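Nothing here was measured: the structure is a model prediction, and the numbers come from that model. Chain letters run A, B, ... following the sequence lines, proteins first, then strands; residues in each count from 1.
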Amino acid sequence: MSKARLYRGMRDFLPKIMIPRERILNEIRKIFQRWGYVPLETPAIELLSTLLGKYGEDADKLIYRLDHPDGLGLRYDLTVPLARVMSQYGQQLPRPFRRYQIQTVWRAERAQKQKGRFREFMQCDVDIVGTSSPVADAEILAISAEILKSLGLKNFKIVLNHREILRGLVHLAEFEEKDEMSVLRSLDKWEKIGEDGVKEELLSKNLDEGKIEKLLEMVSLSGGNWEIISFLEKYRDERILSGVSNIRQILQYVSSLGVGQDEIMFSPRMARGLDYYTGAIFETILPELPDMGSLTGGGRYDNLIGMFSGGEKIPACGTTIGIDRILSAMDELELIPEAHTNTKVLVAMFSEELATESLDFAQRLRKMGIETEVFPEPKKLGKQFAYADKWKIPYVVVIGEDEAKQGLCALKELSSGNQRIVKKDDAIRILLEVFKK
RNA sequence: GUGGGCGUAGCUCAACUGGCUAGAGCGUCGGACUGUGGAUCCGAAGGUCGGCGGUUCAAUCCCGCUCGCCCACCCCA
């Protein structure tokens with residue numbers, strides 16, 4: 001057993017994983033940019049005074065604290081850094097401010113690899129700061145949907161709910177305000193542990209059985225989105241009415257942004273764990289992979305950013321794209337093409353004397369945008385072909401003595417085994433055609 | 001942090017109730033094949049049997065401690 005090991009909850013990303021991972025990140029980045037979002041990066045290390053007290057007591061324990069006299073810790077998410085940035089540079093950033101941020105975060109919790117839980121993981125956040133318009137909520141939903149579609153995860157569903165509606169329901173069930181978040185956190189487990197499970201958990205929190213039953217009955221709604229929200233309106237609760245009217249607008253706008261009504265599922269049972277949401281909340285799931293959990297999750301949080309800005313109220317809305325969950329979902333659905341390397345062509349080295357022939361030709365291919373590598377030593381050709389085969393490099397070019405004399409090269413496609421002796425220019429033309437450069 | 005399970009080659013796993021030189025498959029490297037990969041055959045490298053201590057004539061196996069991994073609870077992406 002070697003002495004080297006990984007700290008629990010950390011991962012190495014070997015090339016085989018990194019290739020699809022980078023491809024997906026590039027795709028996500030492209031979509032963020034297409035919607036007009038601008039990139040932001042913030043440091044891994046923040047002052048503890050910035051980090052602490054923003055996520056709740058339990059979460060504070062999960063922040064990695066550095067052993068350093070300045071009082072430092074690793075960032076826990078990307079939303080608090082955004083709030084800090086808004087308070088420091090808010091004046092020079094015209095609003096609405098649309099930003100995306102793709103960086104790692106750290107949480108000192110018990111990691112369980114198989115459940116996709118790590119101590120270091122990447123978050124891809126998109127947020128729109130400075131507007132309370134439902135257009136913003138609709139836009140964030142549409143971006144989430146567009147990303148999943150573009151990655152081939154066509155069968156997703158967006159689960160939608162609203163914190164004001166939930167608060168109204170909890171109020172109608174006559175729970176005290178201080179129990180509100182605790183009740184919502186239990187309710188949120190409905191899909192996972194079922195109605196009985198939720199009831200059991202609420203009972204174990206010493207809450208009143210009558211109130212619990214009242215709440216569970218109110219949220220046991222099924223049917224179409226419009227049907228459910230129309231039904232909720234009948235409660236004539238001020239908060240519920242306000243939430244429903246907000247949801248109506250979002251549902252309407254989202255249609256114009258390329259999201260089908262059947263891709264959205266309004267559910268009065270989805271609550272999300274974080275305290276700071278104030279309006280619409282949403283997450284995306286794959287019905288075919290019910291155990292996978294949510295692939296993206298977010299909502300509106302109108303009070304969080306202001307915490308750093310001296311009480312000024314700054315509305316905001318955003319979501320996290322769970323890149324690691326998306327990757328494992330794609331993996332299970334076999335949507336990740338096998339790729340061992342990005343190299344398209346291996347130029348073999350025939351002999352020391354002909355080395356420059358290979359280098360020159362490889363350089364011509366690269367200038368045309370074809371990913372090319374040269375085998376660096378004149379090993380026997382069998383070894384060089386075996387190398388290409390092991391890395392699944394699709395083409396091998398050999399320039400041997402015979403070819404070199406006549407300005408030719410041997411171009412072999414490994415998948416078929418077909419080899420042609422052609423002029424170098426023709427080889428380049430063929431490769432450009434194949435890889436559509 | 002609490003409870004349960006498990007640590008043998010790079011990976012997946014063997015080795016009868018404690019016994020002689022700890023094995024196999026896959027992978028890696030080399031050869032059969034000095035102008036051509038996948039298949040086949042041959043060979044090689046690779047182990048302080050997680051670590052420390054104890055019991056024993058003798059420990060990969062039994063006991064104690066420790067470290068690590070996995071599962072459940074809690075919490076989340």
Residue pairs passing the salt bridge (Lys or Arg N to Asp or Glu O under 4.0 Å) test where at least one lies in residues 14-37 of chain A, sequence neighbours excluded
A:R21-A:D324, A:E27-A:K30, A:R34-A:E146
Mind jotting down which residue pairs meet the side chain to side chain donor-acceptor pair (under 3.5 Å) criterion with at least one end in residues 384-393 of chain A? Sequence neighbours excluded, please.
A:E373-A:Y387
Using atom NE2 of A:H340 as one end and atom C1' of B:G27 as the other, report the distance to the nearest whole Å.
12 Å
Please determine if A:R300 forms a cation-pi arrangement with A:Y277, meaning its NZ or CZ atom is less than 6.0 Å from the six-membered ring centre and no more than 45° off the ring axis.
no
Can you check the distance between B:C13 and B:A22, where both ends of the measurement are the C1' atom (answer in whole Å)?
14 Å
C1' atoms of B:G50 and B:A59, separation to the nearest Å
16 Å
Say we look at B:U17 and B:U60: how far apart would their C1' atoms be, to the nearest angstrom?
15 Å
In whole angstroms, the gap separating P of B:G30 from CD of A:Q384 amounts to 12 Å
How long is the line joining CD1 of A:I63 and P of B:C76, in whole Å?
14 Å
Does B:A77 have OP1 or OP2 under 4.0 Å away from a side-chain N or O of A:R272?
yes
Does the ring centre of A:F435 sit less than 6.0 Å away from the ring centre of A:Y395?
yes
Measure from the ring center of A:Y100 to the ring center of A:F32 and say whether it is less than 6.0 Å.
yes
Under the criteria of a ring-centre distance below 5.5 Å and an interplanar angle below 30°, is A:F121 stacked with the base of B:A77?
yes
Could you pull out all residues at least two apart from A:F175 that satisfy ring-ring contact (aromatic ring centres under 6.0 Å, His included)?
none
Any chance you could measure A:C124, atom SG, to A:I24, atom CD1, to the nearest 0.5 Å?
10.0 Å
Looking at residues at least two apart in the chain, or sitting in another chain, which of them share a ring-ring contact (aromatic ring centres under 6.0 Å, His included) with A:Y89?
none
Please list, chain by chain and in numerical order, all residues satisfying salt bridge (charged side-chain N to carboxylate O under 4.0 Å, His left out) with A:R95, sequence neighbours excluded.
A:E312
Counting only non-hydrogen atoms, which of residues 137-146 of chain A are less than 4.0 Å from RNA chain B?
none
Atom-pair distance (CG on A:L14; P on B:U28), nearest Å:
15 Å
Measure CG/A:L295 against P/B:C76 and give the value in whole Å, please.
18 Å
Kindly compute the distance separating CZ (A:R429) from CG (A:L431), expressed to the nearest 0.5 Å.
11.5 Å
Using the closest heavy atom to pick a nucleotide of RNA chain B for each, name whichever of A:T296 or A:E401 lands nearer the 5' end.
A:E401
Counting primed atoms plus P, OP1 and OP2 as sugar-phosphate and everything else as base, spell out the protein contacts along nucleotides 36-42 of chain B at 4.0 Å heavy-atom distance: B, S or - for each nucleotide, 5' to 3'.
BBB----
Distances for protein N or O near nucleotides 32-34 of chain B N or O, under 3.5 Å:
none

State plainly whether the residues A:E357 and A:K424 are in salt-bridge range, i.e. N to O under 4.0 Å.
yes
A:R8 atom CZ is separated from B:C69 atom P, nearest whole Å, by 5 Å
On a whole-Å scale, what distance lies between the P atoms belonging to B:U36 and B:C26?
26 Å
C1' gap between B:G43 and B:U66, integer Å:
42 Å
Applying the Watson-Crick and G-U criteria (both distances under 3.5 angstrom) with [ ] for crossing and | for other-strand pairs, one obtains for RNA chain B (((((((..((((.....[...)))).(((((.......))))).....(((((..]....))))))))))))....
With a non-hydrogen cut-off below 4.0 angstrom, is A:R107 in contact with a base, only sugar-phosphate, or nothing?
base
Ring-face cation contact, A:F118 with A:R11, 6.0 Å cut, 45° max
yes
Using whole Å, what does the distance between atom C1' of nucleotide B:C74 and atom CD of A:E200 come to?
16 Å
Of all residues at least two apart in sequence or in a different chain, which pass the salt bridge (charged side-chain N to carboxylate O under 4.0 Å, His left out) check with A:K149?
A:E263
Using the C1' atom as the reference point in each nucleotide, state the distance between B:G4 and B:U21 in Å, no decimals.
38 Å
Sugar-phosphate, base or nothing in reach of A:K392, heavy atoms under 4.0 Å
nothing
Could you tell me how far B:G68 sits from B:U34 if I compare only their C1' atoms? Round to whole Å.
49 Å
Expressed in angstrom and rounded to an integer, what is the separation of A:F282 atom CZ from B:A77 atom P?
13 Å
Those residues at least two apart in sequence (or on a different chain) that pass salt bridge (charged side-chain N to carboxylate O under 4.0 Å, His left out) with A:R272 are A:E283
Acceptor/donor pairs from residues 398-408 of chain A side chains to any protein atom, 3.5 angstrom cut, sequence neighbours excluded:
from   : atom 1 : to     : atom 2 : distance (Å)
A:E403 : OE1    : A:G400 : N      : 3.0
A:Q406 : NE2    : A:D402 : O      : 3.3

If you measure from the C1' atom in B:G23 to the same atom in B:C70, how many Å do you get, rounded?
26 Å
Cationic N near anionic O, under 4.0 Å, A:R99 to A:D127:
yes
Under 4.0 Å, counting only non-hydrogen atoms across every strand here, what does A:D402 touch: a base, just sugar-phosphate, or nothing?
base
